[in-house]
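Contents: one structure, followed by commentary.
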There are 2 protein chains.
Amino acid sequence: MEGKLLNKYEASLLKPPMPCFSIPWFVRGDFERNKFILDSESVASYGYVTDYVWRIMATEGKKTTIKDIAREAGVSTATVSRILNNLEGYTGETRKRVMDVIERRQYRPSAIARGLVSQQTKTIGVLLPSLSSRFMNTLIEGIESQAQAHGYSVILCNTDRDGVRTADYLKVLGEKRVDGIIFTSEWVTSEYALALKKLDVPVVLVATNSWQYSFPSIRTEDKAAAYSAVRYLIEKGHRRIGMVGGTHSDKIAGIPREEGYFEALEESGIPRDTTMVSHGDFHFASGIRAMQELYERHPEITAVFAASDEMALGVLSFAYAHGIRVPEQLSVIGYDDTLDAQMSIPPLTSIHQPIYEMGAEAVMTLLESQDAMGKVLPISITERDSVCALRGSE
Amino acid sequence: MEGKLLNKYEASLLKPPMPCFSIPWFVRGDFERNKFILDSESVASYGYVTDYVWRIMATEGKKTTIKDIAREAGVSTATVSRILNNLEGYTGETRKRVMDVIERRQYRPSAIARGLVSQQTKTIGVLLPSLSSRFMNTLIEGIESQAQAHGYSVILCNTDRDGVRTADYLKVLGEKRVDGIIFTSEWVTSEYALALKKLDVPVVLVATNSWQYSFPSIRTEDKAAAYSAVRYLIEKGHRRIGMVGGTHSDKIAGIPREEGYFEALEESGIPRDTTMVSHGDFHFASGIRAMQELYERHPEITAVFAASDEMALGVLSFAYAHGIRVPEQLSVIGYDDTLDAQMSIPPLTSIHQPIYEMGAEAVMTLLESQDAMGKVLPISITERDSVCALRGSE
DNA sequence: CGCTGTAACGTAATCGGTTACGTAAAACGT
DNA sequence: ACGTTTTACGTAACCGATTACGTTACAGCG
C-alpha cells in the first residue's frame, strides 16, 4: 500500500470517529495546492481508521453525486435538488451556476437514491408466459411505447408458463419495488392472485381475467369473437366447419373460443359435435398436428376456424402438403390478426384484436387510476384471401 | 383531524428535534396496552412538529422494513442483515427467531435500499431498434433467460431506430444505474459510443460491432454467411441469382451481406452486376416490393438470396401471386432461420444464426469478464424446401 | 429607523438497507 | 485461575438523493 494523492475534498471526507482536526493527522500535504498524501504506513498502524482509509482508496473513480455538484457550485444539496426538480427558491444566477457545474461534470442524479425517498421507481413489471409469438411482440410493443411515453421503464419477465419462475419473478418485482405489474395471457391462479395482492402494487391483467379476485383487466370477448368468426364462415355458406382449438383446459383462450364456435353453429341449427374440434397449443406445429387429426376424422369439412394465427398457418401448411387448395377447397380463418396473417400464403383472414392498443391501454390503466375496472376492447374481422364463399347447396 | 391510535413502535418514531422524553408530550396513552393517542389538537398548535405528525399519519400501511423485523425479533438490524445475506455471526437459535418474524411479516428487503449501498442493481438494459421481428424475439428470449438465471432483470428499451429515443433511454439507464447494457443490431454511431462510454458500465454489442470504439461484441460473420448462402445456390446449379438486400447503407446487415453475395458469384466467374440486387428494409412488405423490381429487371433469375427471412417470405408471396412455383421455378434462400422460415409455404431454406445463444452469450459476457473481447458465432444452413437443384445446362 | 413579510438558501432527518468497528461474554489455553 | 482469542452481536456511518423546517438578508412600510 502506498501513499496516495488526495484532493481537498477527498481529504475533507476523512472524519474519523475520534476527536481531531477536520483533516486527520495521517493526511499530510499542501492544503493550498490541493494536494494531499495519505500516509498509509502510519494509517496501517492505526487500526481504528482503516475503514475510512479504505473508503478513500475506493473513492477513485466514483460517480459524481449531488454533493459534488453542491460543493463545486458553492450551494447546498437542497438547492441543487430544488433546481433539478424545478421547484422554487433560487435566483436565476444560482440556477445557471449550478446547471453549469452539472453540465461540466456530466452529473446524472441516481434514480436509486431518488426512489428510496420518493418510494417510486418509475418502473413496471410485465409478466408473460412466452416471448415467441407475434401476439406477445405486439403487446410488448404497445406496453413499452406507452410506458416510455410516461417516463416509465419496463422489466420483462418471461414466466415460461412455469409456476416457479412466476413466483421468482413476483418476488423480484416486489423487492425491486416496481410501481405496477402487468400480468398477461395466463390464468390467474389463487396463489398468483394472493402473491399479487400481497405486493400491494397496482396490477392490470391483459388478455386474461380473474373471477374471484378483482383486478382490472384489459381484454376482448373471446367467446363473442369466436362466435363472429364462425358466424362469418356460416354467412359465406359453410356448414361443415371444423375447429383447431387451443389448449383444452385454457380458461381464457381455450374454452371460451370453443364455446363461441359451438354457439354460432347451434344457432344455425348445426348440432354440437365435439369431434369437429381438435386441440393444439396455439403454436404452429400443433396446428399441423391438430389439423391432421381433424382431417382424418372429417375429410368433408369446407372450413376451419383456428384459435390462433400460428395454428392457422399450420392448417395452411397441412393443406399445402396434402394438395388441398386454400381457399377453393378449404377456407381458413385465424385469430389475432398478427403479422403472421399478413405474410402467409394465401394471406389469412383473421379475427383482429387491437393488441398494440391493449398493451397501451394496460399501461394507462395502471398509471392513471387505482380504482379502474378494466376495459373490453372490440374485435373485428380482417378479410384477406383464405376464406371463400361456398356456392350452391352442400 | 382526529386523534389517532398509535402502537408503541409508531410512537417511538416520534423524535422531534427539541429535547424531550423519547415519547413526546403530545402522544398520550397506555404504554402497557400498546395503545397511544395522538393528540392532534395540541399538535396543530405546535407547528414545530407538524412534519413528524404528518409522517405518523402517513405511516399507516407502510411496508415492513428491516427495522421492524429487528425490533420484533429483539435483535439489531445488523444481525437481520447478516442473516439475510448468509454471512456469519449469529446462533442458529437467533436465526430461527428472525426467520420466523420475516416469514410472519412477509418481509422482503428493498432492492432499492440495497442497491444504494451495494452500488449494483442486478438489472441490465437492452437496447434494440425494434420489437416486431422474430429475430428480436428470439434474441430477447436468450437474453432474458440467461439474465434471470443469474438473478438479473432486464429493462427493455425499444429505440425504434430513433436517435432521440436512444439518447433518452441511455439517460434513463444511466440514472437507474443498470449494471450493464446490451446494445443490439444497430450501428454504433460516435454519439452513442460516447454516451455509452460515459455511463461507465459494461457494454456488449450484439449483432453489430464498432470499429473505432472498443466494445465486446457477439455476432456472426455476415459477409461469410451471405457468401455461403450464395455458394450453396451455386452448388445447386444456379447461376442467375438475384438478391433482395437489406437497407442499402446498413453497415451491419446490409453492405456485408451484399459483399458476400458478390464475392461468391465472382468466385464462380459471374461478374458483379448491381442490377441483380434490389433493396428492402428487412421486413415483409419491402420484400415483395424489392422482388417485384428485381423480377421486372431480371425475369430470368432462377434463385434469390434474401437478406432476411421476412423478405424471403415477401419473395414467396410475390412468386405465389404471380404463379411462379417455388422451388421448381424459383429457389429462395432466407437469412436468420427464424420461426418464420419454418412456417412458410414452402418451408424456407435459410441461413441459421444461433440467435438465442447470441442473446445468452451476450449476458454471459456482460456478467463474467470486464475485459472480454466478444465472440463470433458460427452459422450454418438449414435446408428446407425452398431451394431445388437445377439440372442440365442453362 | 425599527418592524415585518418574504425570497433564497442551509441544515439535518429521512428513505431502507449494508458493514466497519466496538464490545461483552463465552470459550480456550497454559 | 487468569490472560487471550473467538463468538455473537450492537452501534452508527454511509449510500445519494428529497424535503420540512430554520435562518438570514433584504425589501417594503409606517
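Chain A is the first sequence line, chain B the second, and so forth, proteins listed ahead of strands; every chain is numbered from 1. What you see below is based on every heavy atom in this structure, not just the backbone, and it leaves out hydrogens, waters and symmetry mates.
- Note on B:Q119: a side-chain N or O is less than 4.0 Å away from OP1 or OP2 of D:dG16.
- Near DNA chain D, meaning a heavy atom under 4.0 Å away, the residues from residues 94-104 of chain B are B:T94.
- With sequence neighbours excluded, the residues forming a side-chain hydrogen bond (donor to acceptor under 3.5 Å, both in side chains) with A:T91 are A:T94, listed by chain and number.
- Non-hydrogen atoms lying under 4.0 Å from DNA chain D are contributed by B:G89, B:Y90, B:T91, all within residues 85-92 of chain B.
- Along DNA chain D, the nucleotide nearest B:G74 and the nucleotide nearest B:L116 are compared for position; the residue whose nucleotide lies closer to the 5' end is B:G74.
- A:S145 meets the side-chain hydrogen bond (donor to acceptor under 3.5 Å, both in side chains) test with A:Y356; sequence neighbours excluded.
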Run the side-chain donor-acceptor check on residues 171-182 of chain A: report pairs under 3.5 Å with partners two or more places apart or on a different chain.
unit_1	atom_1	unit_2	atom_2	d
A:K176	NZ	B:K122	O	2.8
A:K176	NZ	B:T123	OG1	3.3
A:K176	NZ	B:S153	OG	2.6
A:R177	NH1	A:G174	O	2.9
A:R177	NH2	B:R108	O	3.1
A:D179	OD1	A:T121	N	3.0
A:D179	OD1	A:T121	OG1	3.3
A:D179	OD2	A:T121	N	3.2
A:D179	OD2	A:K122	N	2.6

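- Considering only side-chain N and O atoms, A:S110 lies nowhere under 4.0 angstrom from the phosphate OP1 or OP2 of D:dG16.
- Direction of the helix axis in the helix from C:dC1-D:dG30 to C:dT30-D:dA1 shifts by 50° between the two five-pair termini, rounded to 10°.
- In terms of polar N and O atoms assigned as donor or acceptor, the side chain of B:R82 comes within less than 3.5 Å of the base of D:dG10 in a complementary pairing.
- Distance from the side chain of B:T77 is smallest to C:dT18 among C:dT18, C:dG17, D:dT18.
- One finds a side-chain N or O of A:S76 lying less than 4.0 angstrom from the OP1 or OP2 phosphate oxygen of C:dG10.
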